[in-house]
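Basis for what follows: all heavy atoms, side chains included, without hydrogens, waters or symmetry-related copies.
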Amino acid sequence: MGFFSDFKASLMKGDVLSLATAVVIGGAFGKIVGSAVDDVIMPIVGLITGGIDFTTKFITLDGNSYENLAKAKEAGAAVITYGNLVQATINFVIIALFIFIILRAAERMKKKEEAAPAAPAGPTQEELLTQIRDLLKK
């Protein structure tokens, strides 16, 4: 019974719950960023690059030429899909930029909260004890 109670206590620690919450929020945030990249930014990048879809770019290693990636794979040709690497790199840079912007905004909010004036300090413990002593003497 000790194992299960220790396991339960371990799960109920704040660190584990915070980590679980962060994972769930991170997954949801990943979907938001993925949608922003795929649905907003990549069409703009496609427009700038003349409508190039990087995921269809490839090099065949057998020396033959194929119309598209699907036909090359259908023929069993060994291919290097460098376009996927380009696409993944663009996605990474955009996601890193999103995260940087959000963390920077969070840090600015935190600095504003810290800059708020602290509540006036009350008497110290020694001062309170001195006051009690003086009242008891009277």
Heavy-atom distance under 4.5 Å between the side chains of V24 and T21, does that happen here?
no
For F92, does the CZ atom have more than 12 heavy-atom neighbours from other residues, nucleotides or ligands under 6.0 Å away?
no
Within the distance-only criterion (no hydrogens, no angle test), does the side chain of S35 pair as donor or acceptor with the backbone N or O of K31 below 3.5 angstrom?
no
Looking just at side-chain N and O atoms, do N64 and T60 make a donor-acceptor pair shorter than 3.5 Å?
no
Could you check T56 against N68 for side chain to side chain contact (heavy atoms under 4.5 Å, CB included), going step by step and ending with a plain yes or no?
CA-CA 7 Å; T56 62; N68 55 39; over 6 Å; no
Starting at CD1 of I94, measure out to CG of L97 and round the result to the nearest 0.5 Å.
8.0 Å
Verdict with supporting geometry, I41 and F98, side chain to side chain contact (heavy atoms under 4.5 Å, CB included):
CA-CA 12 Å; I41 296 172; F98 268 60; 3.7 Å; yes
Taken to the nearest 0.5 Å, the spacing of F58 CZ from L69 CG works out to 5.5 Å
Could you give the distance from CG (L128) to CZ (R133), rounded to the nearest 0.5 Å?
12.5 Å
Heavy-atom side-chain contact between V79 and L61 under 4.5 Å
no
Supply the atom-to-atom distance Y82 OH to Q87 CD, rounded to the nearest 0.5 angstrom.
13.0 Å
Separation of K137 NZ from L135 CG (nearest 0.5 Å):
11.5 Å
CD/E67 to CD/E74 distance, rounded to the nearest 0.5 angstrom?
10.5 Å
Would you check, one step at a time, whether the test side chain to side chain contact (heavy atoms under 4.5 Å, CB included) holds for F29 with I99?
CA-CA 10 Å; F29 182 71; I99 292 172; 3.8 Å; yes
Within 6.0 Å of CZ in R104, more than 12 heavy atoms from elsewhere:
no
If you compare all heavy atoms of P43 against all heavy atoms of D38, which two are closest, and at what distance to 0.1 Å?
CD-O, 3.4 Å
Heavy-atom pair of closest approach, residues S5 and G2:
OG-O, 2.9 Å
Taking atom CD of E127 as the centre, does the number of heavy atoms from other residues, nucleotides or ligands within less than 6.0 Å exceed 12?
yes
